[in-house]
Amino acid sequence: HAMLAAEQRLATATTTTAPVAPVTPARASAALTAFETGTGTQLDPGQRALVTTFATSSRLLVAGLGPAGSGKTTAMRAYAHIAGAAGIRVIALAPSAAAADVLSADMGVHADTLHKFLHEYTRGPHAVRLAAGQPVTGPASMFALRPGDVVLIDEAGMASTPHLDQITAIAARRGAVVRLLGDHQQLSSPAAGGALRLITAEAGAAELTT
C-alpha cells in the first residue's frame, strides 16, 4: 500500500503546477541560441525539445529520456546554461557517487547523491532548519532548497520509487521543481523502482531518439 501510494503521488506531481513561474519560451530560446553560439555546439531537435521542456514547463515533476549516446550530457549542459541565465539554481543529484561524479564533470556544477540529500533533510545536523527553509552553513547549504530551485536527478531510472517520492515532496514544500533524466529501458533500482517508467506511461516524457 505504501508503494502504491508513493507511485500515485509521483503520478500526481506530473500534473501539479509549481508555485513559481518557469522560464518563458522566448527567454529559453534566446539562452539556448547563446549557448550554441558560445560553445560551437549545435543541438538536434530532440535535444532542443528536451531542454526547452525542462526549462519552460510549469509542472512540479517532468521526465526526460534518452539512451546512452543520445546527447543527454550536451542537453543538460545547455539546460544548466539556460537556468543560470535566468538566475535559477540547479541542485544536481544521482543515485550513486560514481554517477554524481560524472554529472559534476559533465555539467560543471557540484553534484551529490540522492542518499546524501535525503540524509541531510531527515537525519543530518541541520535537518530541522532545512525542512523549515531556514539558512544553514557548511556543506549542507547546497541542499537548502529555495523557491524556484530545480532538483535535477540524473540516471533517474536507477533511483528507487521511495527516494523519488521523498525528494519530490521536499521540493514541493520548498517551492522547487524536480526534473528526472534517464533511460527507463536500462537496469532499474536494486530497491523498489520503476517510477521513471510509470511517470513516462502516465504523463509522457521529452525523449531523445537520435
Side-chain angles (χ1 to χ4, degrees), residues 10 23 31-32 35 38-39 41 43-44 46-55 57 61-86 88-121 124 139-146 148-168 170-171 174 176-191 193 195-197 199-200 205-208:
L10 287 170
V23 179
L32 193 52
F35 169 81
T39 61
T41 302
L43 274 67
D44 65 38
Q47 289 172 313
R48 293 185 72 91
L50 172 61
V51 173
T52 301
T53 298
F54 270 24
S57 176
L61 182 62
V62 176
L65 304 176
S70 59
K72 293 194 298 291
T73 297
T74 300
M76 287 306 97
R77 283 202 198 101
Y79 176 60
H81 177 83
I82 291 176
I88 295 171
R89 191 172 65 122
V90 176
I91 294 85
L93 304 174
S96 68
D101 288 343
V102 172
L103 185 59
S104 294
D106 287 345
M107 288 190 64
V109 300
H110 177 73
D112 217 313
T113 65
L114 310 182
H115 296 79
K116 177 63 173 174
F117 179 93
L118 289 171
H119 169 79
E120 293 293 353
Y121 268 89
S141 61
M142 72 163 286
F143 300 123
L145 294 182
R146 302 186 295 263
D149 285 349
V150 175
V151 180
L152 173 65
I153 301 177
D154 194 21
E155 302 291 356
M158 300 177 69
S160 75
T161 297
H163 284 172
L164 293 179
D165 177 44
Q166 292 173 59
I167 291 174
T168 302
I170 291 169
R174 301 303 317 139
V177 297
V178 179
R179 300 294 180 254
L180 306 180
L181 184 67
D183 181 3
H184 63 317
Q185 305 278 1
Q186 71 180 161
L187 291 175
S188 188
S189 169
L196 184 61
R197 190 176 295 110
I199 290 165
T200 301
E207 188 168 1
L208 301 178

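Below, all heavy atoms of this structure are taken into account, side chains as well, without hydrogens, waters or symmetry copies.
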Any residue meeting ring-ring contact (aromatic ring centres under 6.0 Å, His included) with Phe117, in chain and number order, not counting sequence neighbours: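 Partners of Phe117 under the ring-ring contact (aromatic ring centres under 6.0 Å, His included) test: Tyr121, Phe143.
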Please list, chain by chain and in numerical order, all residues satisfying ring-ring contact (aromatic ring centres under 6.0 Å, His included) with His115, sequence neighbours excluded.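 Counting only residues at least two positions away or on another chain, His115 forms a ring-ring contact (aromatic ring centres under 6.0 Å, His included) with His163.
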Which residues satisfy the side chain to side chain donor-acceptor pair (under 3.5 Å) test with [X], sequence neighbours excluded?
X      : value
Arg48  : Glu36
Arg146 : none
Ser141 : none
Ser104 : none

If we ignore hydrogens and angles and just use 3.5 Å, is the side chain of Arg89 paired with the main-chain N or O of Met142 as donor and acceptor?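 Such a contact is found between Arg89 side chain and Met142 backbone.
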So, for [X] and [Y], which heavy atoms are closest and what is the spacing to 0.1 Å?
X      : Y      : value
Ala144 : Asp149 : O-OD2, 3.9 Å
Leu145 : Arg174 : O-NE, 3.5 Å
Val178 : Leu180 : CG1-CD2, 3.8 Å
Ala159 : Pro95  : N-CG, 4.1 Å
Leu164 : Ala156 : CD1-O, 4.2 Å
Thr113 : Ala97  : CG2-N, 3.6 Å

What distance separates [X] [atom1] from [Y] [atom2], expressed to the nearest 0.5 Å?
X      : Y      : atom1 : atom2 : result
Leu103 : Leu93  : CG    : CG    : 8.5 Å
Leu114 : Gln166 : CG    : CD    : 10.0 Å
Ile91  : His110 : CD1   : NE2   : 11.5 Å
Ile199 : Thr161 : CD1   : OG1   : 8.0 Å
Arg179 : Leu61  : CZ    : CG    : 7.5 Å
Leu181 : Leu208 : CG    : CG    : 7.5 Å

[X]: side chain to side chain contact (heavy atoms under 4.5 Å, CB included) partners, not counting sequence neighbours:
X     : answer
Pro67 : Ser70, Asp183
Ala80 : Met107
Thr74 : Thr41, Leu43, Gln47, Arg77
Ala86 : Val23, Arg27, Ile88

What residues form a salt bridge (Lys or Arg N to Asp or Glu O under 4.0 Å) with Asp106, not counting sequence neighbours? none
Start with the C-alpha gap between Met76 and Leu152, add the side-chain angles, then the distance that decides, and say whether side chain to side chain contact (heavy atoms under 4.5 Å, CB included) holds. CA-CA 9 Å; Met76 287 306 97; Leu152 173 65; 3.9 Å; yes
Pairs satisfying salt bridge (Lys or Arg N to Asp or Glu O under 4.0 Å), at least one member in residues 112-121, at least two apart: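 Qualifying pairs: Lys116-Glu120.
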Do Leu118 and Ile170 come within less than 4.5 Å of each other through their side chains, counting heavy atoms only?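 Yes, at least one pair of side-chain atoms sits under 4.5 Å.
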Take the angle between the ring planes of Tyr79 and Phe54 and call it parallel below 30°, perpendicular above 60°, tilted in between. perpendicular
